[in-house]
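Here is the structure we will look at.
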Protein chains: 2
Amino acid sequence: MSSMSGELRQAFLAADVRPTVQRYAVLHYLARNRVHATAEEIFREVNRRDPRASRATVYNSLKSLARAGLVREVVSDGKAARFDASLHPHHHFVCERCGEVEDVAWFELPAGKAPLGARQVRSFEVVFRGVCEKCAAAQSLTGETE
Amino acid sequence: MSSMSGELRQAFLAADVRPTVQRYAVLHYLARNRVHATAEEIFREVNRRDPRASRATVYNSLKSLARAGLVREVVSDGKAARFDASLHPHHHFVCERCGEVEDVAWFELPAGKAPLGARQVRSFEVVFRGVCEKCAAAQSLTGETE
DNA sequence: GCGCTAAGTTAGACTTATTCTAGATTTACA
DNA sequence: TGTAAATCTAGAATAAGTCTAACTTAGCGC
């Protein structure tokens, strides 16, 4: 581990995750590209530059990072899991028409609303489902019913 | 389609989904067993009784039922998708320790909180993550750190 | 009821996603 | 540095989900 820039370095230290070149590359990719990437995409993109990471390592890294809370698995209807750097919290909107997952700006939940009993909550997110702007526009144009 | 009992029959009619023996069996299983089942589990259980359904049909049925809103795909960290009869709305709690998904009683979100723009929201749910009661108890007993 | 057509179902081959394995490398720390 | 524990690699193995082509059923008009 030679050079790791600010925020990410902090994140690794704070989360007590062994920083390895490969984990860094994975988190770096997710943090830089605000996309909901599949493991396969991350694998491809990370390997376009130098530090190569095997497929298994991408999966392992995502798992470690997720356990540490640096990355989270995002809801998705497809079969492949999708991931998100979770350095900055946000909610999600899933389009039932095209499957796209969009970020929704963060807002808090009113305290005490949720009947959670003795469970220890470490994080939460709201997942909205419906029709995204693009699909809504396409629908009204063609007058489609379904 | 000969005999279909009350609530489910209504659900099919209301959702304008062609009622088939197989779809009925799938929805029936999910409605009766408040579990977050994988497609594989549903396949196995449905086929223990009479109306047999091929694997592909279980997947197709789940897809149709989900599109119609009678079933929903539940968050899950594992690789296999999990499903839920969504006749009665509720939120979810995911244990980061054991992976278990638990239901959380329904509550509304304060109106106007979410910055959703022109998106058409048809449903939403809150996903909490943390440590479930059982895992919390196990942890405090053994004094484990991680 | 009868027959037509579109929608749905079947088994199993196939594709894609994820995990496993065994040996080579790297990290943390004394 | 030297060493043990953690991590990485390539590729084989497994699991999840989709596709295909032929067969069945539901919905609807007569």
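Numbers restart at 1 for each chain; the letters A, B, ... are given by sequence-line order, proteins then strands.
Rounding to the nearest 0.5 Å gives a distance of 12.5 Å between CZ of B/Arg82 and CG of B/Leu62. Atom CZ in B/Arg48 sits 13.5 Å away from atom CZ in B/Phe43 (nearest 0.5 Å). With rounding to the nearest 0.5 angstrom, the CD atom of A/Glu125 is 12.0 Å from the CG atom of A/Leu109. Residue A/Glu73 holds its CD atom at 4.5 Å from CZ of A/Phe83, rounded to the nearest 0.5 Å. Interatomic distance, B/Leu65 CG to B/Leu30 CG, rounded to the nearest 0.5 Å: 8.0 Å.
Without hydrogens or angle criteria, A/His90 side chain to A/His88 main chain gives a donor-acceptor distance under 3.5 Å.
Map B/Thr57 and A/Lys63 each onto its nearest nucleotide of DNA chain C; the residue landing nearer the 5' end is B/Thr57.
Atoms CD1 (A/Ile42) and C1' (C/dT18) sit 13 Å apart, rounded to a whole Å. The nearest whole Å value for the distance from the CG atom in B/Asn60 to the C1' atom in D/dT24 is 15 Å. For the pair A/Phe43 CZ and D/dT9 P, the interatomic distance rounds to 9 Å; values are reported in whole Å. Separating the CZ atom of B/Arg52 from the C1' atom of C/dA11 is a distance of 13 Å, rounded to the nearest angstrom. Protein atom CG of B/Leu62 is 15 Å distant from nucleotide atom C1' of C/dT9, rounded to whole Å. B/Leu13 places its CG atom 13 Å from the C1' atom of D/dA26, with the value rounded to the nearest Å. One atom, CZ of B/Phe83, and another, P of D/dG17, lie 7 Å apart when rounded to the nearest Å. Going from atom CG of A/Asp16 over to atom P of D/dT7 covers 11 Å, rounded to whole Å.
Using a 4.5 Å heavy-atom threshold, the side chains of A/Asp103 and A/His91 count as separate.
Of the candidates C/dT9, C/dA28, C/dT18, the closest approach to any side-chain atom of B/Gln22 belongs to C/dT9. The side chain of B/Ala53 has C/dT10 as its nearest neighbour among C/dT10, D/dT18, C/dG8. Each of C/dA28, D/dA26, C/dT9 was ranked by its minimum atom distance to the side chain of A/Pro19; first place goes to C/dA28. Side-chain proximity of A/Thr20 to D/dA26, D/dC8, C/dT9: nearest is D/dC8. Considering only the side chain of A/Arg18, C/dA28 comes nearest among D/dG17, C/dA28, C/dA6.
Every residue two or more places apart in sequence or in another chain that forms a side chain to side chain contact (heavy atoms under 4.5 Å, CB included) with A/Glu102 is listed here: A/Phe93, A/Cys132, B/Arg119.
Remark on the helix from C/dG1-D/dC30 to C/dA30-D/dT1: inter-end axis angle 60°, axes from five-pair C1' superpositions, rounded to 10°.
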Under a 4.0 Å heavy-atom criterion, the protein footprint on nucleotides 12-17 of chain C, written with B, S and -, is B---SS
Checking B/Gln120 against A/Phe128 for the side chain to side chain contact (heavy atoms under 4.5 Å, CB included) test, could you report, in this order, the C-alpha distance in whole Å, the side-chain angles of both residues, the deciding distance, and whether it holds? CA-CA 9 Å; B/Gln120 297 169 8; A/Phe128 297 92; over 6 Å; no
